[in-house]
Amino acid sequence: MKRTLVAANWKMHLNASQASILLHRLHERIKIHRDVEVVLAPSSLLLQPLSRQIDRRKFRLAAQNAYHKDEGAYTGEISFTMIKDLVHYAIIGHSERRLYFSENLDVVRDKVAAAVRNEITPILCVGETNHERLEGETKQVLHDQVVTALSDLTAEEVRDTVIAYEPIWAISTFGGQVANPSDAKEAIDYIRSQVADLYSRKVATDMRILYGGSVDDHSVGGYLSISGCDGVLVGGASLNYEKFAGIVDVAYRSNRSDKDEE
Ligand code: 13P
């Protein structure tokens, strides 16, 4: 059984005390749940203090980024090797990194490989711009992003990788149009079919694929009810205690509430 993954991407928000307070409040509300995994991605600066504060039965930490070399003269960078004891996951290939930090397909591939080499599970973000969508290029974009990013991994490593489909036009800070669950399903099914063609149907079935883009406590149920959607990656709403706790509550209820452990 795959665990539903609810991941909070805090982006470049929350200083140390704000993050600590939010985590403290979430601790009180989030349950230990066999089938729902809650992941928090704070700024790199906060990975160490939060890793000490966190109840690891309730939460896992994710990095938002790291550099693909393990060590060396790369001023200002942090490697996956340096954070491997702090995080379980790393968000890689987020559209903001592709757009603002010129991360192309090859950079994303190298980062995915570096994460896996350091025993960190990638949450690989893929998705098309509004222009690409209107031009009918969504499948081509997803194909290129998925195929290149996974190309240095074995089938087993691909199976353990998480992919997040985040259409750029649906991200709150890029316009935040609401994606219909049916649009999300079509893209998720397409991504899974690509993985099946490249690796195997079993790898594709076993891997987790998330949806991200303006997900909040109201819309999350629609996405989690899509067959093939194994969780959500949440930006803006994850900074709000009520909204994020509400999203996790919906995940508890969405399919497996009879298996609560607390
Ligand atoms: P929003 O939920 O704010 O649209 O952000 C989505 C996102 O980019 C998560 O990685």
Side-chain angles (χ1 to χ4, degrees), residues 4-14 18-19 22 26 37-44 46-47 59-66 87-101 103 107-108 111-112 115 120-130 132-133 138 141-142 145-146 149 161-181 183-184 187-188 191 208-224 226 229-251:
T4 301
L5 202 158
V6 179
N9 178 4
W10 290 350
K11 307 191 179 183
M12 200 175 72
H13 295 287
L14 305 182
Q18 291 166 329
L22 178 55
L26 289 172
E37 186 179 359
V38 181
V39 173
L40 305 176
S43 86
S44 303
L46 301 182
L47 289 172
F59 302 100
R60 282 176 159 160
L61 289 178
Q64 294 178 19
N65 179 43
V87 302
H88 195 92
Y89 293 99
I91 297 172
I92 298 176
H94 193 281
S95 53
E96 288 150 16
R97 297 220 51 93
R98 294 183 196 254
L99 184 68
Y100 302 139
F101 301 96
E103 291 195 4
V107 169
V108 173
K111 290 191 175 195
V112 166
I120 295 171
T121 302
I123 300 176
L124 167 67
C125 298
V126 297
E128 78 285 4
T129 63
N130 198 38
E132 290 161 343
R133 172 191 181 215
T138 298
V141 169
L142 294 178
Q145 291 178 344
V146 169
T161 296
V162 177
I163 296 181
Y165 170 59
E166 294 207 312
I168 297 171
W169 47 272
I171 293 178
S172 59
T173 46
F174 286 125
Q177 298 177 58
V178 175
N180 292 321
D183 293 334
I188 288 171
I191 292 166
R208 288 185 293 177
I209 304 184
L210 318 181
Y211 173 75
S214 298
V215 173
D216 63 17
D217 45 335
H218 300 294
S219 64
V220 65
Y223 299 115
L224 289 181
I226 299 169
C229 177
D230 303 308
V232 285
L233 179 54
V234 186
S238 72
L239 298 167
N240 178 298
Y241 162 75
E242 286 298 340
K243 286 187 183 168
F244 189 64
I247 289 169
V248 177
D249 282 343
V250 173

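All ligand and atom numbering here is 1-based and tracks the order in the structure.
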* **Glu128 side chain vs Ile168 backbone, donor-acceptor pair below 3.5 Å** => no
* Distance to 0.1 Å, residue and atom name: give those for the protein heavy atom nearest to atom 7 (C) of ligand 1. =>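 Heavy-atom neighbour on the protein nearest atom 7 (C) of ligand 1: Glu166 OE2, 3.2 Å.
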* Protein contact of atom 3 (O) of ligand 1 - nearest heavy atom, named by residue and atom, plus distance -> Ser172 OG, 2.5 Å
* Output yes when the distance from some N or O of ligand 1 to some N or O of Lys11 is under 3.5 Å, and no in every other case. => yes
* Asked: Of the non-hydrogen atoms in Ala62 and Val87, which two are nearest, and what is the gap between them?
  -> C-CG1, 4.0 Å
* Structure fact -> Under 4.0 Å from one or more heavy atoms of Asn9, ligand 1 contributes atoms 9 (C), 10 (O)
* **Gly236: numbered ligand 1 atoms lying under 4.0 Å from its heavy atoms** =>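 Every atom of ligand 1 under 4.0 Å from some heavy atom of Gly236: 1 (P), 2 (O), 3 (O).
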* **Part of Ile171 within contact of ligand 1 (heavy atoms, under 4.0 Å)** =>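 Answer for Ile171: both.
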* **By salt bridge (charged side-chain N to carboxylate O under 4.0 Å, His left out) - contacts of Lys243 (at least two apart)** =>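 Salt bridge (charged side-chain N to carboxylate O under 4.0 Å, His left out) check on Lys243 returns nothing, list empty.
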* Closest to atom 2 (O) of ligand 1 (judged by heavy-atom distance), picking from Gly127, Ser238, Gly235 -> Gly235
* To do: Mark the output for Gly212 as yes if a heavy-atom distance to ligand 1 is under 4.0 Å, and as no if none is.
  => no
* **Close approach, Ser214 and ligand 1, non-hydrogen under 4.0 angstrom** => yes
